[in-house]
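Here is the structure we will look at.
What you see below is based on every heavy atom in this structure, not just the backbone, and it leaves out hydrogens, waters and symmetry mates.
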Amino acid sequence: MELMIMQWLAEPGLVHFLVVSALLLSLGIMAVLTRRNVIMVLMGVELILNSANINLIAFSRYTSLSLEGQMIGLFVIIIAAAEAAVALAIVLNMYNRFNTVNLDEIDSLKG
């Protein structure tokens, strides 16, 4: 049994990447749904985007999609970096206005 598991882990295949991606997606969704801190929610969104990237690159590697999946993965990374910058700017403005980053305490966007 141990030899079979070690042999399965020795050569990573598409299933390995899909398992890692599913774990990251699950952790990201759990972070988005359960956390009240805006920074933690943003980190959950980043985990979800990274799981999508792993899927795109794994399918590109192990199927006949050639470089298309890798290019889409690179595009997603660029978009995620821009999204993180904009989101952090919004969080800083929210903190300046409400003196908190807790989503439960920020219930009004009007002055």
Output for pair (L74 CG, N53 CG), nearest 0.5 Å, gives 9.0 Å
> In the single-linkage hydrophobic clustering (I, L, V, M, F, W, Y; side-chain heavy atoms under 4.5 Å), do V41 and V86 co-cluster?
Replying inline: yes
Report task. State, with a plain yes or no, whether a side-chain heavy atom of N37 is found less than 4.5 Å away from one of N102. Result -> no
When rounded to the nearest 0.5 Å, the distance separating CZ of F75 from CG of L56 is 12.0 Å
Value for CG (N50) from CE (M43), rounded to nearest 0.5 Å, stands at 11.0 Å
| Short side-chain to backbone donor-acceptor contact, T34 and M30, under 3.5 Å | yes
Rounded to the nearest 0.5 Å, the CG atom of N99 sits from the CE atom of M94 at a distance of 12.0 Å
Across all chains, not counting sequence neighbours, the side chain to side chain donor-acceptor pair (under 3.5 Å) partners of D104 are R36
Closest heavy-atom pair, G44 versus A31, reported as atoms and distance to 0.1 Å, is CA-CB, 3.8 Å
Connected via hydrophobic side-chain network under 4.5 Å: V45 and I79: no
Do I57 and L14 belong to the same hydrophobic cluster, where Ile, Leu, Val, Met, Phe, Trp and Tyr are linked whenever their side-chain heavy atoms lie under 4.5 Å apart, directly or via other members? no
Contacts under 3.5 angstrom, residues 16-27 side chains, donor-acceptor by atom type, not counting sequence neighbours:
from: H16; atom 1: ND1; to: G13; atom 2: N; distance (Å): 2.8
from: H16; atom 1: NE2; to: W8; atom 2: O; distance (Å): 2.9
from: S21; atom 1: OG; to: S51; atom 2: O; distance (Å): 2.8
from: S21; atom 1: OG; to: N55; atom 2: OD1; distance (Å): 3.2
from: S21; atom 1: OG; to: N55; atom 2: ND2; distance (Å): 3.2
from: S26; atom 1: OG; to: A22; atom 2: O; distance (Å): 2.8

For residues 26-51, the ring-ring contact (aromatic ring centres under 6.0 Å, His included) pairs (sequence neighbours left out) are none
On a heavy-atom basis, the closest approach of L42 and A87 is CD2-CB, 3.4 Å
Heavy-atom closest pair (E46 atom, A84 atom, distance to 0.1 Å) is OE2-CB, 3.8 Å
Fill in: Single-linkage hydrophobic cluster L92~V38, side-chain heavy atoms < 4.5 angstrom
no
Is there a path of hydrophobic side-chain contacts, each under 4.5 Å between heavy atoms of I, L, V, M, F, W or Y residues, that connects L49 with I77?
no
